Colleague: 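One structure follows; several queries about it will come next.
Here the structure is a predicted model, which means the values were calculated and not measured. Atoms considered below: every heavy atom in the structure, side chains included; atoms not considered: hydrogens, waters and symmetry mates.
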Amino acid sequence: MKTLKGEIVANRKYSDNLYKLEVFSPYICKNAKPAQFINIKCSRQGSDDPLLRRPFSIYEIDEQFNVFSVLFLVRGRGTQFMADLRKGESLDFVGPLGQPIKIPENDSRFVLIGGGIGVVPLCLIAKNLKSIGKTVHFFAGFKDEAFYTWERDLIKILKDYKIFSENGVFGEKGIPLNYIRENFSEFKDHHFIVCGPLEMLKQAQSFLKDRKVRAIAIMEEKMACGIGACMGCVIKIKNKNNGYSYKKVCSDGPAFDLMEVCFD
Amino acid sequence: MKTLKGEIVANRKYSDNLYKLEVFSPYICKNAKPAQFINIKCSRQGSDDPLLRRPFSIYEIDEQFNVFSVLFLVRGRGTQFMADLRKGESLDFVGPLGQPIKIPENDSRFVLIGGGIGVVPLCLIAKNLKSIGKTVHFFAGFKDEAFYTWERDLIKILKDYKIFSENGVFGEKGIPLNYIRENFSEFKDHHFIVCGPLEMLKQAQSFLKDRKVRAIAIMEEKMACGIGACMGCVIKIKNKNNGYSYKKVCSDGPAFDLMEVCFD
Amino acid sequence: MTDYFSDETGLEVRMGNIVLKNPVITCSGTFASGIEYSKFYDVSVLGAITTKSFSLERMAGNLPPRICETSSGMLNSIGLQNEGIDYFINEQLQEAKKLGVEIIPSIFGRDLDEFKKIAYKIKNIEEEIIAVELNLSCPNVAEGGIAFCASAEQVGNIVAATKEILHTGIIVKLSGHYNNISETASAAKKYGADAAAVINTIPATAFDIETCKPKLGNITGGLSGPAIKPVALLKVFELAKENIIPIIGIGGIMTWQDAIEFIIAGASAVGVGTANFIYPECGRDILQGIKQYMRRKNIGDIKMLKGIAISNIIKG
Amino acid sequence: MTDYFSDETGLEVRMGNIVLKNPVITCSGTFASGIEYSKFYDVSVLGAITTKSFSLERMAGNLPPRICETSSGMLNSIGLQNEGIDYFINEQLQEAKKLGVEIIPSIFGRDLDEFKKIAYKIKNIEEEIIAVELNLSCPNVAEGGIAFCASAEQVGNIVAATKEILHTGIIVKLSGHYNNISETASAAKKYGADAAAVINTIPATAFDIETCKPKLGNITGGLSGPAIKPVALLKVFELAKENIIPIIGIGGIMTWQDAIEFIIAGASAVGVGTANFIYPECGRDILQGIKQYMRRKNIGDIKMLKGIAISNIIKG
Ligand SMILES: Cc1cc2nc3c(=O)[nH]c(=O)nc-3n(C[C@H](O)[C@H](O)[C@H](O)COP(=O)(O)OP(=O)(O)OC[C@H]3O[C@@H](n4cnc5c(N)ncnc54)[C@H](O)[C@@H]3O)c2cc1C
Ligand SMILES: Cc1cc2nc3c(=O)[nH]c(=O)nc-3n(C[C@H](O)[C@H](O)[C@H](O)COP(=O)(O)OP(=O)(O)OC[C@H]3O[C@@H](n4cnc5c(N)ncnc54)[C@H](O)[C@@H]3O)c2cc1C
Ligand SMILES: Cc1cc2nc3c(=O)[nH]c(=O)nc-3n(C[C@H](O)[C@H](O)[C@H](O)COP(=O)(O)O)c2cc1C
Ligand SMILES: Cc1cc2nc3c(=O)[nH]c(=O)nc-3n(C[C@H](O)[C@H](O)[C@H](O)COP(=O)(O)O)c2cc1C
Ligand code: FES
Ligand code: FES
């Protein structure tokens with residue numbers, strides 16, 4: 001991990017509030033692994049407001065051109081700042097951060113379920129799984145049209161995917177978990193990797209737990225340092241004695257065993 | 001005075017740290033008078049750091065195109081923000097602020113002395129004096145090369161000027177006040193208007209006072225509200241009883257009788 | 001959508017004997033007597049305006065520079081420059097009244113006796129004002145000011161003395177500087193105050209590393225603006241939890257979102273200060289935002305919003 | 001230009017019995033035990049690092065969310081999550097020592113007795129550390145913490161007890177929250193502390209206006225970052241003026257300019273906290289900037305810079 005400055009190669013608008021920021025960085029392209037993230041300074045040089053860096057999963061890595069990207073939704077001050085960045089400007093970020101996801105070597109078939117912006121880390125994971133010859137089914141669910149044009153990125157990674165939208169404006173109407181429920185026999189010996197809103201993770205946990213399916217969750221929490229030094233970004237993880245302990249999303253995660261995450 | 005948004009028509013770089021920002025604003029062009037200023041928000045919309053607006057004298061008014069300009073030196077965070085503004089972006093400002101300078105009607109000959117960025121308000125004043133048929137001598141003194149190319153603006157206003165630089169890299173070597181001292185007989189019944197660093201104002205005061213010359217000073221002080229509401233921007237002004245009282249640069253000034261300003 | 005808010009319905013705020021038509025007021029020292037800001041908008045939309053603090057006699061104020069910017073904040077060391085209470089009463093009040101907004105004169109005495117003298121003067125104009133604010137927390141004066149807040153007894157005495165003289169509403173302006181704000185607020189309540197304005201600026205300073213001198217002529221000043229909002233919110237929240245006295249929440253309010261945050265933390269009304277310097281129309285805009293928020297959330301009366309974060313915590 | 005600074009000459013700082021090779025240290029809780037940051041730069045350039053506060057037993061810490069950003073600042077409510085002092089002594093110390101930087105363990109007890117017990121454990125590693133910091137000012141714990149600072153007597157007792165057990169330097173970490181910081185600092189000095197670290201985070205809070213709940217799991221937290229710098233500077237300045245005890249100035253230091261500002265206000269050394277989160281290499285950069293400033297100003301020894309703003313004020 002390093003503090004880096006990378007030239008912005010492109011900032012592509014996918015929809016009203018979804019952007020893909022492409023950044024030149026040989027260091028990240030060489031060192032970053034799936035599920036890792038970077039911590040972006042979202043204020044001008046010399047300004048400290050907004051103060052904290054913002055964490056973003058690494059979305060794509062183009063090793064040929066040494067360009068990686070992050071895909072982000074505009075939510076507040078930091079992401080608005082990012083949306084306003086222009087080609088040629090410099091991005092100040094720290095990375096790669098977090099533990100690379102540990103792919104269970106013995107499993108060969110994977111189901112990836114992404115909810116909303118949760119699809120981001122799954123894309124790099126999917127690409128990686130494919131490259132090592134695993135079978136991957138990708139399910140993505142969205143609330144609204146923000147991701148309408150995003151399919152063009154997904155289709156480059158794999159063909160076996162299904163996109164759902166709650167209101168049916170694009171893809172199939174519904175949510176991925178319902179589809180999985182209804183067609184569970186197809187997936188029962190797959191390894192699941194899920195990323196998305198807490199409610200989705202919670203439902204996935206309870207559904208998969210009953211069926212004794214193994215699953216990895218990619219988690220989020222508010223961060224300060226992003227490198228494991230401040231104890232700010234903890235979530236509750238079950239431990240052996242039926243209790244829990246706090247684990248750091250930034251340095252113990254962001255990938256955790258879904259069954260060990262406490263949602264309460 | 002109003003809170004305004006004006007489209008930036010141009011942001012011209014005069015030298016490393018001197019810029020001219022041209023802004024479209026019919027309201028300012030119609031209402032602003034010499035010595036008045038505007039108060040610029042130097043942070044992105046939705047950001048409050050830097051918090052306070054920055055005051056800048058109105059430099060030029062182009063009534064035909066409804067464009068006015070400010071000429072500014074990059075000093076700190078606010079002016080760096082301004083230097084980075086681009087054509088087409090919107091400037092958030094309040095104005096016109098301050099009292100228009102009161103031109104003594106009976107005097108017909110004026111000496112204007114500007115030190116450094118202090119030349120800015122004097123340019124609009126000079127233009128105004130010329131337009132009402134007064135005689136104007138303009139003296140400008142600079143420390144370094146920042147204003148090297150600025151002469152092109154001045155020459156459009158009047159021909160009777162002298163530019164000095166302390167090290168002689170451009171214009172004449174020296175400072176305006178020395179020139180005035182040496183050629184005082186020429187100017188002794190002129191009305192003086194001075195704007196520049198405190199040290200220059202102080203020297204001008206002591207020199208002119210001894211010679212019973214009337215003079216106006218354009219003053220600066222740190223501001224919060226810019227409209228006379230906070231009592232933040234006061235300077236000491238002599239009153240009748242040999243004492244002083246605090247006057248507000250923003251709403252009582254920025255023009256004051258130089259002889260009444262207390263420098264201590 | 002229910003149409004509660006075609007008018008001001010549901011915005012009225014009662015704090016003891018003080019009734020405001022809506023919860024947005026401007027803070028002392030940041031709005032003068034309203035005249036400057038009336039050039040920007042019709043200030044009669046505000047719940048009230050609080051004037052600059054007036055003292056018994058004219059005060060010259062502190063040495064400049066008096067303003068210094070800090071990260072998301074500013075220091076001021078005005079030192080209560082004002083023309084004295086007589087000037088307010090004789091010259092300024094009538095002009096301010098023309099703005100059509102309720103007026104809360106803020107007053108400052110160096111000691112109990114001065115407060116009494118000012119109160120007697122205010123008595124003559126009681127009909128024309130909605131309340132009086134006792135500034136017991138200015139960090140920029142050598143005598144009185146913030147030091148009053150060190151002792152609940154002192155605060156109680158000044159309130160009691162004022163209460164004896166005046167029938168109008170009484171607001172105490174308290175400091176977050178001391179750790180006894182519950183006691184001072186309780187004393188104020190006990191002796192007759194209707195509301196507490198919380199908080200004043202926080203004592204602070206800044207130095208110039210080139211001259212190696214203080215950036216303020218007065219050496220120290222008071223910190224205001226967004227930087228202090230989290231600190232102010234905690235003071236309001238802690239006072240409101242104890243339900244001692246109605247609170248005017250103050251500190252770093254720039255937007256309607258900030259105002260709502262203070263109200264859900266327990267403030268009955270909010271005071272907008274430093275924000276006026278940056279956004280001259282912010283009082284109006286904050287009020288507008290509050291109305292829209294209430295409409296969106298289907299909240300018919302601002303009272304239902306007050307302290308809702310406290311009840312949510314208690315509910316768990 | 002005189003070449004004072006090819007090496008570290010003129011940067012050494014003495015605070016009581018504590019000698020630091022330079023004035024830049026990192027703050028407790030923001031630098032863990034240095035290992036994470038050593039991936040960014042050679043932390044042995046620092047004057048010292050202060051560890052996260054360790055308690056007698058493992059502490060789980062507070063409910064998440066624990067972090068919330070505010071204007072030019074942040075709130076944290078970590079609640080001293082740590083693995084306990086034994087873990088530090090047995091597992092972490094040796095690894096940290098490898099970084100080649102002086103180590104100041106920060107310790108936290110819920111009461112006098114716990115502080116004593118921890119001190120006895122520290123005794124075994126006294127040779128390996130440069131000083132111990134007593135955290136008497138954490139705003140995020142139910143017992144002890146900031147409450148210690150309410151009473152100079154309590155502070156004195158804890159210092160005295162620690163001093164009896166330990167020979168290493170003692171730093172007390174004080175809060176700016178109470179208004180008795182001169183008294184607590186005096187008590188600390190009297191009973192044997194070598195330096196005071198001033199200030200810890202300022203109690204504060206924030207609410208979410210959509211959920212109408214606190215933004216922190218623990219409801220309240222501590223404010224740090226640039227927002228608090230002017231408040232911290234005033235505390236340092238006031239303490240330094242009274243010349244009670246050497247001070248480590250802390251609060252919102254992001255740049256070398258900020259560090260210089262604390263030093264001219266009277267701090268002997270500076271603690272860098274929140275800044276590490278945003279600029280992982282800031283400790284190194286701040287030190288570098290101090291050196292360059294001293295060279296530019298022709299200041300041969302940092303002692304000559306310390307409190308220079310105070311002397312300038314006295315000179316008038
Ligand atoms: C490991 C990780 C990976 C992420 N990857 C992506 C991604 O690929 N694309 C994407 O769009 N978003 C991602 N997020 C969420 C992203 O960090 C937030 O949307 C962003 O921080 C919002 O900043 P803001 O200033 O726009 O919002 P604000 O609400 O103004 O932010 C205020 C504060 O809250 C924090 N915050 C707000 N939302 C979140 C959140 N969901 N998670 C963590 N902190 C938050 C901010 O960092 C900031 O400190 C990720 C979060 C984490 C923890
Ligand atoms: C009436 C008036 C007219 C002015 N006209 C011009 C002009 O035409 N061109 C120009 O270049 N400058 C002008 N100035 C000075 C200009 O306002 C400052 O250079 C600017 O505020 C610096 O901001 P900063 O953020 O870059 O500097 P910083 O040093 O970071 O500013 C910090 C704070 O100090 C204040 N400040 C800093 N310098 C000054 C100053 N000289 N006067 C008042 N406040 C200051 C800032 O407004 C801000 O609040 C004028 C000042 C006044 C009062
Ligand atoms: C320039 C200035 C002058 C002030 N003058 C007074 C005053 O005269 N009386 C008073 O009670 N408070 C005064 N205050 C404090 C404000 O009323 C308010 O309590 C404080 O600024 C915090 O609110 P804010 O962050 O919204 O500004 C002043 C504040 C500022 C910034
Ligand atoms: C996330 C975080 C954790 C902290 N933990 C501790 C701690 O364990 N012990 C302590 O004495 N201070 C702790 N502090 C306070 C800092 O050491 C420092 O006093 C404070 O943050 C102010 O400095 P800053 O503005 O530079 O961060 C913590 C601060 C933060 C932000
Ligand atoms: S953000 Fe600091 S430990 Fe994770
Ligand atoms: S800046 Fe507020 S009175 Fe001049």
Colleague: In terms of heavy-atom contacts, does CD of A/Glu63 have more than 12 from other residues, nucleotides or ligands at under 6.0 Å?
Modeller: no
Colleague: How many angstroms lie between OG1 in A/Thr3 and CD in D/Glu281, if you round to the nearest 0.5 Å?
Modeller: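 CD of D/Glu281 is found 3.0 Å from OG1 of A/Thr3.
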Colleague: Where do A/Glu221 and D/Pro64 come nearest, in terms of heavy atoms and distance?
Modeller: OE2-CB, 4.0 Å
Colleague: Identify which of D/Ile35, D/Asn62, D/Thr30 forms the greatest number of heavy-atom pairs closer than 4.5 Å to chain A.
Modeller: D/Asn62
Colleague: Check whether any side-chain heavy atom of A/Met1 sits under 4.5 Å from a side-chain heavy atom of D/Phe40, and report yes or no.
Modeller: yes
Colleague: Quick check on A/Glu166: does its CD atom have over 12 non-hydrogen neighbours (other residues, nucleotides or ligands) under 6.0 Å away?
Modeller: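 Yes, the 6.0 Å shell around CD holds more than 12 heavy atoms from other groups.
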Colleague: Could you check which of A/Ile235, A/Asp92, A/Ile227, A/Val94 has the highest count of heavy-atom pairs closer than 4.5 Å to chain D?
Modeller: A/Ile227
Colleague: More than 12 heavy atoms of other residues, nucleotides or ligands under 6.0 Å from CD of A/Gln45: is that the case?
Modeller: no
Colleague: Kindly check if the number of other-residue, nucleotide or ligand heavy atoms within 6.0 Å of CZ (D/Arg110) is above 12?
Modeller: no
Colleague: Considering only heavy atoms and a distance below 4.5 Å, find which of A/Ser245, A/Gly226, A/Gly228 pairs most often with chain D.
Modeller: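 The residue among A/Ser245, A/Gly226, A/Gly228 with the greatest pair count is A/Gly228.
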Colleague: Can you give me the closest heavy-atom contact between A/Tyr246 and D/Gly61, atom names plus distance?
Modeller: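 Smallest interatomic distance, heavy atoms only, reads CE1-O, 3.7 Å.
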Colleague: Drop me the distance from D/Asn76's CG to A/Cys230's SG, to the nearest 0.5 angstrom.
Modeller: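 Answer rounded to 0.5 Å: 8.0 Å.
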Colleague: Can D/Glu69 and A/Arg54 be counted as an ion pair, charged N to O under 4.0 angstrom?
Modeller: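 The answer is yes: the pair qualifies as a salt bridge.
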Colleague: By a 4.5 Å heavy-atom criterion (distance strictly below it), what part of D/Pro226 contacts chain A: side chain, backbone, both, or neither?
Modeller: side chain
Colleague: Check the surroundings of atom NZ in A/Lys238: do more than 12 heavy atoms from other residues, nucleotides or ligands lie under 6.0 Å from it?
Modeller: yes
Colleague: Identify the residue among A/Leu51, A/Asp48, A/Asp49 that makes a side chain to side chain contact (heavy atoms under 4.5 Å, CB included) with D/Ser72.
Modeller: A/Asp49
Colleague: Side chain, backbone, both or neither: which part of A/Lys41 has a heavy atom under 4.5 Å from chain D?
Modeller: side chain
Colleague: With a 4.5 angstrom heavy-atom cut-off, is it the side chain or the backbone of A/Ser43 that approaches chain D, or both, or neither?
Modeller: neither
Colleague: Counting only heavy atoms not in A/Tyr148 (residues, nucleotides, ligands), do more than 12 fall under 6.0 Å from its OH?
Modeller: no
Colleague: If I measure from the heavy atoms of chain D, does A/Val234 come under 4.5 Å with its side chain, its backbone, both, or neither?
Modeller: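 Its backbone and side chain both get close to chain D.
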Colleague: Could you grab the distance from atom OG of A/Ser47 to atom CE of D/Met254, nearest 0.5 Å is fine?
Modeller: 9.5 Å
Colleague: Could you tell me whether the side chain of A/Asn39 reaches within less than 4.5 Å of the side chain of D/Phe277, counting heavy atoms only?
Modeller: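 No, too far: nothing below the 4.5 Å cut-off.
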Colleague: More than 12 foreign heavy atoms under 6.0 Å from NZ of D/Lys213: is that the case here?
Modeller: no
Colleague: Can you confirm whether A/Met223 sits close enough to D/Ile67 that some side-chain heavy atom of one is under 4.5 Å from a side-chain heavy atom of the other?
Modeller: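 The answer is no, as the side chains (C-beta and beyond) never meet within the 4.5 Å cut-off.
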Colleague: Would you say D/Arg66's side chain and A/Cys233's backbone share a donor-acceptor pair under 3.5 angstrom?
Modeller: no
Colleague: Please examine the side chains of A/Cys225 and D/Phe31, heavy atoms only from C-beta on, and report whether any two atoms are closer than 4.5 Å.
Modeller: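 Side chain of D/Phe31 against side chain of A/Cys225, heavy atoms only: no contact under 4.5 Å found.
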Colleague: Find the distance between CE (A/Met231) and OG (D/Ser77) and round it off to the nearest 0.5 Å.
Modeller: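 It is 14.0 Å, given to the nearest 0.5 Å.
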